Amino acid sequence: MSRSAHPAGPRHGDVLPEGHYTAPPADLNRLDEKVWSRTVARTADGVVTVGGIEVTRLAEEFGTPAYFLDEADFRARCRAWADAFGPDADVFYAGKAFLSRAVVRWLKEEGLNLDVCSGGELVCALDAGMPAERIAFHGNNKSTEEIERAVEAGVGRIVLDSFQEIVRVAHIAQSRGRRQRVQIRVTVGVEAHTHEFIATAHEDQKFGIALAGGQAAEAVRRALKLDGLELIGIHSHIGSQIFDMAGFEVSARRVVQLLAAVRDEHGVELPEIDLGGGLGIAYTSDDDPREPHEIAKALSEIVTRECEAAGLRTPRISVEPGRAIVGPTAFTLYEVGTVKPLEGLRTYVSVDGGMSDNIRTALYDAEYSVALASRASDAEPMLSRVVGKHCESGDIVVRDAFLPADVAPGDLVAVPATGAYCRSMASNYNHALRPPVVAVRDGEARVIVRRETEEDLLRLDVG
Ligand SMILES: *Cc1c(COP(=O)(O)O)cnc(C)c1O
């Protein structure tokens, strides 16, 4: 029989306070395969495992908080994207979602290309042996030094983001006797988030060059004139965590219209278009992401149809998934420190990490799920808020979720789908030590990014 440790907290059947949740799931011990990576399971006695290893063992060996990355799942997702798009298209993994040398090697082995958007990401990619021609360099304000490094390394493409940059890159390439392959990033007047997209006449944001008002056409005109540049195509990235293909459809149509205008004006058919990333993943059981092959089919049909209508040869398509590859492959493991029931509201479950290892809830109001991982429980569901240990009341990891009512200090809880934009956005707020990333595969676990130490913190503090 279940015993409730916190009689004051709201219960299944009570009138619950407002929040981003639906009814409690029927079985709190069940791990929804939509939000957990593919080798995650529970043992007969209830402990969550990944790659065949129990989280209790992982916590003992690597401590908490820590990110555990399911390498088999990561590789399988890379292959699924590469296979779905086939030999006539290119998949670039967006390194900003999560980058480490091990990840770069996996990408290289699985046949993917890599997007970087800073000198630091470029160094990581090159150091781990990614061939430069498989790297694309992004960013709205690349420094001269970064451009020089990218050109000298021989990156496959630089995505130009402003009129100043067109001249800068051309100058740097020409002064080194190079012709740098480039794309121009345009804003197509579409902004997509999750289930809807907004078509705006003018995109009020910092990235890209607007199609509106002939800006993008002018950028093409200038780029085509410069000897240091080989303009290979047009790039458009419309948003993030997108489920609805309609935004991509509008974006592709507008990019193809630009290609047609370029052909009419210059007699040149640009050979490539890049439709960016932003494909959504399941953070909770309410999310229904599309499979890579559906996305590939939809995008290729849209581009082919629009090109036929415009009388253009179909260009080579590239896409840049970050979250959709790495997001679902990892979970964060925390230890519960305190449990605080607030009468008529919810129970605050404090864990040993927080906004320093996952800023997305505070930054974007992102939704996550959570599960009791060190044991199964048949206690009734209790509306909970998983919070961190930082000095901010907004330090929330999971805003609204149900945990078994007997969750107690010392329990391990796991938050799934934290592979993207968690470690890569981690901070040292409150002098927190950033957690390690541990890759797990076939019964073996190895640290790929180690936990920070107090010496690491003090090393930078030279005052
Ligand atoms: C961030 C970004 C991506 C990846 O976005 P995801 O949501 O992680 O797929 C791809 N392309 C560009 C240009 C980006 O800025």
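Just so it is clear, the model here is predicted, and its values are computed rather than measured. One-based numbering, in listed order, for ligands and for the atoms of each.
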Checklist entry - Where do Ile209 and Thr187 land on the side chain to side chain contact (heavy atoms under 4.5 Å, CB included) test, with the steps shown first? => result CA-CA 6 Å; Ile209 299 175; Thr187 50; 6.0 Å; no
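Those atoms of ligand 1 with a heavy atom of Gly277 less than 4.0 angstrom away are 9 (O), 10 (C), 11 (N). Per-residue contacts place Arg323 under 4.0 angstrom from the following atoms of ligand 1 (heavy atoms of the residue considered): 6 (P), 7 (O), 8 (O), 9 (O). Using a 4.0 Å cut-off to heavy atoms of His138, the atoms of ligand 1 that qualify are 13 (C). Less than 4.0 angstrom separates some heavy atom of Arg185 from each of these atoms of ligand 1: 13 (C).
Taking the charged nitrogens against the carboxylate oxygens, Arg179 and Asp227 have no contact shorter than 4.0 Å, which rules out a salt bridge. With salt bridges taken as basic N to acidic carboxylate O contacts below 4.0 Å, one links Lys34 and Asp288. Look at Glu294 and Lys297 and you find no salt bridge, because none of the NZ, NE, NH1 or NH2 atoms lies under 4.0 Å from a carboxylate O. Look at Glu152 and Arg176 and you find a salt bridge, because one of the NZ, NE, NH1 or NH2 atoms lies within 4.0 Å of a carboxylate O, short of that distance.
Taking the six-membered ring where the residue is Trp, the centroids of His138 and His235 are separated by under 6.0 Å.
Taking atom 15 (O) of ligand 1 as the reference point, the nearest protein heavy-atom neighbour is Lys96 NZ, 2.6 Å. Among all non-hydrogen protein atoms, the one lying nearest atom 9 (O) of ligand 1 is Gly278 N, 2.8 Å.
For Tyr421, the heavy-atom gap to ligand 1 drops under 4.0 angstrom. The shortest separation from a heavy atom of Ala324 to ligand 1 is not under 4.0 Å, leaving the residue out of contact. Ligand 1 is approached by Pro321 to a heavy-atom distance shorter than 4.0 Å.
Because its NZ or CZ atom is both nearer than 6.0 Å to the ring centre of Phe207 and within 45° of the ring axis, Arg185 counts as a cation-pi partner of that residue.
Between Gly276 and ligand 1, no N or O atom pair is found at a separation short of 3.5 Å. On a distance-only criterion, Glu320 and ligand 1 share at least one N/O pair closer than 3.5 Å.
Remark: the backbone N or O of Phe74 is not paired with any side-chain donor or acceptor of Thr329 at under 3.5 angstrom.
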